2 protein chains.
Amino acid sequence: MPIMGDGKRAGSKPATIYDVAARAGVSKSLVSLVLQRSPRVSDQRRAAVLRAIQELDYRPSTAAVALAGTRSRTIGVVLDDFRNQWFVDLLTGLRESLQDQGHRLVVADRFLNTGLDASPVEGFLSMRVEGIVIAGEPDTDLAVPASMPLVVAGGRVTIPRADTVANDDRTGGAIAAAHLLDLGHRRIGFVGARSAASDERRTGLEARIAAAGPGASVVSAVLSGEPTEEAGVRAVGVLLDEHPDVTAVFAANDVMAIGALSGLAERGLRVPEDVSVIGYDDTPVAASRYVGLTSIDDRSVEIGRGAGERLLARIADPGAPAREILVEPRLVARRTTARR
Amino acid sequence: MPIMGDGKRAGSKPATIYDVAARAGVSKSLVSLVLQRSPRVSDQRRAAVLRAIQELDYRPSTAAVALAGTRSRTIGVVLDDFRNQWFVDLLTGLRESLQDQGHRLVVADRFLNTGLDASPVEGFLSMRVEGIVIAGEPDTDLAVPASMPLVVAGGRVTIPRADTVANDDRTGGAIAAAHLLDLGHRRIGFVGARSAASDERRTGLEARIAAAGPGASVVSAVLSGEPTEEAGVRAVGVLLDEHPDVTAVFAANDVMAIGALSGLAERGLRVPEDVSVIGYDDTPVAASRYVGLTSIDDRSVEIGRGAGERLLARIADPGAPAREILVEPRLVARRTTARR
DNA sequence: TTGTAAGCGTTATCAG
DNA sequence: CTGATAACGCTTACAA
């Protein structure tokens with residue numbers, strides 16, 4: 001049974017720093033110093049305090065620490081939606097760069113506390129976080145005070161005063177193009193939706209194909225709505241209706257790519273024998289053995305790490321000019337692309 | 001551009017209740033009363049305070065509120081891993097039952113603040129949350145003090161003092177069985193792993209099949225490791241090697257079911273023409289048009305709502321006997337099951 | 001209805 | 001090194 005309650009002090013209120021001080025026979029300040037790992041405490045006293053902390057199961061109140069201290073040592077991470085898995089890797093990267101400095105991470109998506117806060121940012125502001133990371137491009141209007149250190153990770157909205165760390169979509173598109181050209185494809189279709197990321201990826205694709213010479217060309221089906229699986233199905237349908245000769249499809253993201261797979265299957269086309277398909281984001285579904293989708297890895301861990309570093313730099317020097325950092329994506333070849 | 005900084009007070013420290021009081025020409029307590037929506041405040045003063053709050057962009061410090069108040073009005077939700085998507089629906093349910101009461105939700109998985117806290121529970125304890133919800137069955141040793149209101153949602157670990165709200169796995173297994181029997185299947189395979197949920201689901205399946213009479217039977221392949229996609233592939237392989245006559249496969253969860261789909265495809269078996277497949281959990285992948293996996297919906301939203309209600313009850317009456325609530329799962333029929 | 005004052009559990013600033 | 005003592009921003013009796 002992994003979960004157990006310890007019997008001691010059950011029911012009573014949590015121990016305070018006073019309790020610890022009394023038990024260890026020292027002053028409250030001494031306890032505080034021990035807590036902050038100050039070297040200016042005798043080993044004997046320190047040991048006594050530590051023992052008292054153990055015995056009382058003492059845990060400093062974050063509220064009191066935040067209130068009394070000068071810094072909250074907390075960073076708020078704003079997600080648009082917990083369903084968008086990519087944030088998981090982003091958090092890994094953020095943790096790597098932020099946690100050595102003792103920063104605590106708090107996450108919220110736009111639904112978590114609806115009804116209490118107008119937006120996740122409101123909640124973070126109340127917590128007096130030292131910095132905010134916005135993951136992706138939330139569609140709500142986020143009012144972040146100009147004085148709050150802010151970095152946008154993975155999104156392409158450029159806010160003058162915010163640092164931006166994102167995957168280089170244009171390069172990603174070019175990488176996809178190069179992969180397909182390598183495999184011998186010359187007539188390539190793009191399926192996308194109305195988003196900045198989709199546009200950039202297409203631009204990268206087209207540029208690289210154009211550079212390959214007159215033998216290769218791109219045709220596109222860009223829908224006006226959200227880049228959903230359904231949109232992928234529809235877009236690939238449109239694409240093939242108009243251009244039955246495409247042998248490879250590059251989708252603006254994995255979700256649309258999965259839709260494209262459905263669309264192709266429903267038309268009786270085999271992947272990758274008849275048509276190759278490549279997605280973008282390298283999501284868990286793409287990596288699934290069942291799907292095995294070739295995709296462009298947007299390097300979320302790297303983005304997270306970079307975002308954390310930028311945020312620290314900005315906290316240290318709020319006046320520093322905003323930077324935009326692009327992380328190089330990379331190809332992850334799987335089963336849905338093949339030589340033609 | 002959705003994100004904007006408001007110019008006012010940029011750089012300065014956040015306004016306090018004193019600033020608001022001064023600006024509105026009232027005392028700090030009056031401001032506090034307005035904040036708490038007390039009816040015992042004249043409309044005039046209230047308006048003045050509200051205006052000052054607006055003008056100063058004032059936001060109460062959660063730290064100060066928590067420290068001064070008697071309750072933190074915060075509930076901690078412990079997830080094992082942000083990658084296990086089912087928590088998203090759970091949160092929806094929790095929100096529904098908890099937020100009317102003004103409770104704030106804080107979430108953490110076991111990685112979020114590793115290096116700072118020994119476990120997510122540690123962090124929540126420091127925050128002085130009023131209750132904790134454990135989602136699923138975390139593998140870390142969570143030391144939750146006996147005095148902390150606790151409910152386990154979706155897990156099957158039964159802790160004497162904790163309430164439990166979970167999906168009724170046995171009934172779920174029976175529902176899967178009934179569905180397959182309805183479709184005319186008589187020789188049914190089960191693929192699972194070593195977990196309490198898997199066992200319960202199989203038990204439910206077997207009971208229902210047995211009740212159908214001697215014409216129907218179940219054969220199982222239960223692996224010893226984690227219920228992963230790979231495990232699904234292997235398990236369905238073992239199953240078919242030993243029992244080539246099965247016409248339907250019930251997997252302990254969707255992930256294994258997806259693995260089973262791969263395994264079947266690799267053996268040249270078509271789904272659902274040759275073999276029907278049914279999973280459990282009704283995850284987003286199952287719902288994907290590309291996969292279209294028939295599954296058992298574990299009703300996570302309901303579980304969340306129930307967990308929230310139990311937690312409130314327990315907070316109100318800590319001495320109440322622990323209850324175990326089972327939520328009825330339901331079938332979601334898609335493309336992977338068919339009449340034989 | 002409104003104001004006063006005493007905490008809440010820490011950190012921080014100084015004298016010893 | 002150690003220990004008072006004053007903040008920190010807010011809630012909450014208790015008075016007025």
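Just so it is clear, the model here is predicted, and its values are computed rather than measured. Order of the sequence lines fixes the chain letters, A, B, ..., with proteins taken first and strands second; residue numbering starts at 1 for each chain.
The distance between atom CZ of B:Arg46 and atom P of C:dT2, rounded to the nearest whole Å, is 9 Å. Following rounding to the nearest Å, B:Ile53 (CD1) and D:dC10 (P) show an atom-to-atom distance of 10 Å. Rounded to whole Å, the distance from NZ on B:Lys13 to C1' on D:dG9 is 12 Å. Per the geometry, CG belonging to A:Leu30 stands 19 Å off P belonging to C:dG16, to the nearest Å. Between the OH atom of A:Tyr18 and the P atom of C:dG7 there is a distance of 11 Å, given to the nearest Å. Rounded to an integer number of Å, the gap from CD of A:Gln36 to C1' of C:dA12 is 9 Å. Across the protein-nucleic acid pair, B:Lys28 atom NZ and C:dG3 atom P stand 9 Å apart, rounded to whole Å.
Of the N and O atoms on the side chains of B:Ser126 and B:Glu122, not one donor lies less than 3.5 Å from an acceptor on the other residue.
Within the 4.0 angstrom heavy-atom criterion, only backbone atoms of the sugar-phosphate kind lie near B:Ser61; the bases stay farther away. Counting any heavy atom pair closer than 4.0 Å across all strands shown, B:Val26 reaches sugar-phosphate atoms only and no base atom. B:Ser42 comes within contact range of the sugar-phosphate backbone alone, with a heavy-atom separation under 4.0 Å but no base atom that close.
The shortest side-chain heavy-atom distance between A:Val106 and A:Phe124 falls under the 4.5 Å cut-off.
Relative orientation of the A:Phe87 and B:Phe82 rings is perpendicular, given thresholds of 30° and 60° on the angle between their planes.
An OP1 or OP2 oxygen of C:dA12 is reached within less than 4.0 angstrom by a side-chain nitrogen or oxygen of A:Thr70. Between D:dG3 and A:Ser29, no contact under 4.0 Å exists linking OP1 or OP2 to a side-chain N or O. In this model, the phosphate group of C:dT1 is not approached by any side-chain N or O of B:Gln44 to a distance below 4.0 Å at OP1 or OP2.
With hydrogens and angles left out, the side chain of A:Thr16 and the base of C:dT10 share no donor-acceptor pair within 3.5 Å. Checked by distance alone, A:Ser32 brings no side-chain donor or acceptor within 3.5 Å of a matching partner on the base of C:dA12.
Taking the side chain of B:Arg45 as heavy atoms from C-beta on, and the options C:dG3, D:dT11, C:dT10, the nearest nucleotide is C:dG3. For A:Ser27, counting side-chain heavy atoms from C-beta on, the closest listed nucleotide (D:dA4, D:dT11, C:dT4) is D:dA4. Among D:dT11, C:dT10, D:dT12, the nucleotide with an atom closest to any side-chain atom of A:Ile17 is C:dT10.
Both B:Pro39 and B:Ala68 lie near DNA chain C, and the one whose nearest nucleotide falls closer to the 5' end is B:Pro39. Nearer to the 5' terminus of DNA chain D, by closest-nucleotide assignment, is the contact made by A:Leu67 (compared with the other of B:Arg40 and A:Leu67).
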